[in-house]
Amino acid sequence: MPQDLTARAAGRPSPTRDGAAAAPVPPPESAGRTLAAALLGFFLITLDASVVNVALPAVGSDLHGGLSALQWVVDGYTLAFAALMLSTGALSDRIGAGRAFAWGVAVFAAASLACGAAPGLGVLIAARVLQGAAAAVVLPSSLALVRQAYPNAARRARAISLWAVGGSSAIALGPVAGGALTTAWNWRGIFLVNLPFAVLALLLPARTAARAERHRVPLDIPGQLTAVVALAALTFAVVEGGSAGWAAAGVAAVATVAFFLIESRHPHPVVPLGLFRNRVVAVSIAAGSALSVGFFGMFFVLGLFFQQVRGQSALTAGLMFLPMTLLISTVNVISGRLTTRYGPRLPMLTGQLLMAAGLLLLLPVGAATPVPLLAAAMVPLGVGGALAVPPLTAAAMGAVPAERAGLAAGVLNAGRQVAGGLSVALFGSLVADQAHFLTGMRQSLLIAAALVTLTALATALALRPARTT
């Protein structure tokens with residue numbers, strides 16, 4: 001302990017239990033630059049996810065694609081994001097979070113340019129997959145940078161709530177920007193708008209990237225491959241259905257079994273199964289996944305509902321999300337303060353119950369529902385997620401040592417992305433029949449509400465304060 005304190009006071013790396021040198025504690029100004037870069041990176045990859053939904057009808061009309069193809073425009077990004085984040089969290093720990101962040105942002109920018117220039121749906125979907133792969137590198141590395149820059153738990157909780165503002169701001173801006181760009185210019189603009197943000201994100205962390213600690217752990221290639229096959233096959237089964245869907249479901253089942261067998265035996269698994277024995281981590285992953293089903297799954301469905309059922313323009317559809325999304329950034333900050341004061345359980349549970357109530361509140365809406373009433377009914381959906389995500393993220397990050405922050409962030413956010421991608425596939429299949437769109441939308445709302453309620457119960461039970469004797 002004295003040696004560790006002396007090293008920290010001198011600004012030198014202190015030894016860890018395994019003999020590796022830990023990263024020095026960054027000075028406040030360095031930590032601030034790191035947080036700014038991480039926030040912008042999170043903004044960039046979240047903007048790309050939220051900006052697409054209201055542009056999907058225009059993409060389908062221009063490139064002559066049906067609903068299943070449009071689902072792949074969303075899920076090509078989401079699934080690559082989810083599946084590869086299992087390894088990119090470990091990759092961030094291996095090569096250094098700063099270096100991983102820079103490469104991820106650069107590739108994301110190149111893929112965005114390819115999306116904007118895509119001549120057909122095949123190229124667009126392929127470029128979206130590349131975008132998702134790059135985003136999978138950006139997210140855990142950005143969160144790992146925050147974790148390393150703020151070793152103090154209270155300051156880290158506040159920093160993570162500010163980091164979450166990057167994503168929530170993108171969620172607020174995305175639908176409106178997507179609708180405005182699609183209406184005033186072309187759907188291609190929703191991808192080209194990423195480029196200036198990417199350049200800024202690359203310029204910000206130049207002097208902080210070298211501070212990230214590196215752990216040269218071998219990558220689990222067989223585990224990663226089986227995870228990709230399992231997730232892609234499962235999504236294909238849900239989206240496409242029919243005999244091809246059943247065959248894909250069989251492939252997904254075999255790949256899933258192979259994945260767990262590999263992970264249980266590999267010396268450096270892409271997903272250490274022991275991680276789930278930590279109840280805080282396990283509940284955080286489950287809660288985050290359910291919240292993603294409720295938020296991103298319904299974002300997809302409501303974007304179609306506004307345009308295909310209510311006949312609204314892309315711009316009007318984007319504006320419909322504004323009352324909900326404008327509050328998210330403010331609630332993220334409030335959530336961070338609540339987490340610092342009361343711990344993660346209270347804001348997590350409150351947010352989960354609020355989202356579940358919001359999902360049920362949307363059940364009666366239809367084509368004739370007045371616009372102010374519909375916009376107001378969506379508010380609890382966004383506020384609930386904004387209240388719950390920062391504390392569950394802080395809880396998961398605080399439950400692991402700093403040197404494994406990239407891995408934990410990767411697994412947590414992979415779970416959220418997988419859930420979001422599968423919800424788009426499932427809910428898209430439920431609303432595919434235009435004549436029964438509202439029935440499918442209500443089924444989707446009930447499924448999402450049930451999942452969020454179940455994980456709220458798990459939060460209430462698993463995160464109870466320890467009894468004092």
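Because the structure is a prediction, the values reported are computed rather than measured.
- Annotation for L195 and S112: closest pair CD2-CB, 4.4 Å, computed over non-hydrogen atoms.
- Scored by the side-chain hydrogen bond (donor to acceptor under 3.5 Å, both in side chains) test, S444 finds no partners at all (sequence neighbours excluded).
- In this structure, the side chains of M298 and M378 stay at 4.5 Å or more apart for every pair of heavy atoms.
- Considering only residues two or more places apart in sequence or on other chains, T393 meets the side-chain hydrogen bond (donor to acceptor under 3.5 Å, both in side chains) condition with none of them.
- If you take CZ on R442 and CG on L359, they are separated by 14.5 Å, rounding to the nearest 0.5 Å.
- Heavy atoms only, all atoms of each residue included: P347 and S335 are closest at CB-OG, 4.2 Å.
- In this structure the side chain of V52 reaches within 4.5 angstrom of the side chain of F191, judged on heavy atoms.
- Residues L445 and L360 have side chains not in contact (no heavy-atom distance under 4.5 Å, counting atoms from C-beta outward).
- Of all non-hydrogen atoms in G41 and V138, the two that sit nearest each other are O-CG1, 3.8 Å.
- Within the model, atoms CG of L40 and CZ of F101 stand 6.5 Å from one another, a figure rounded to the nearest 0.5 Å.
- Within the 4.5 Å cutoff, the side chain of L430 has heavy atoms near those of the I447 side chain.
- For the pair F321 and L302, the minimum side-chain heavy-atom distance is below 4.5 Å.
- Taking the side chain as every heavy atom from C-beta outward, V452 and V293 never approach each other to under 4.5 Å.
- Here CG of N194 is found 4.5 Å from CZ of F108. Values are rounded to the nearest 0.5 Å.
- The CZ atom of R128 sits 10.0 Å away from atom CD1 of I125, with the distance rounded to the nearest 0.5 Å.
- Looking only at side-chain heavy atoms (C-beta outward), Y77 and V129 stay at 4.5 Å or farther from each other.
- The shortest side-chain heavy-atom distance between L392 and L291 falls under the 4.5 Å cut-off.
- Counting all heavy atoms, side chain and backbone alike, A287 lies closest to M348 at CB-CE, 4.1 Å.
- To the nearest 0.5 Å, atoms CZ (F299) and CG (L304) are separated by 12.0 Å.
- Ring-centre distance between F300 and F296: not below the 6.0 Å cut-off.
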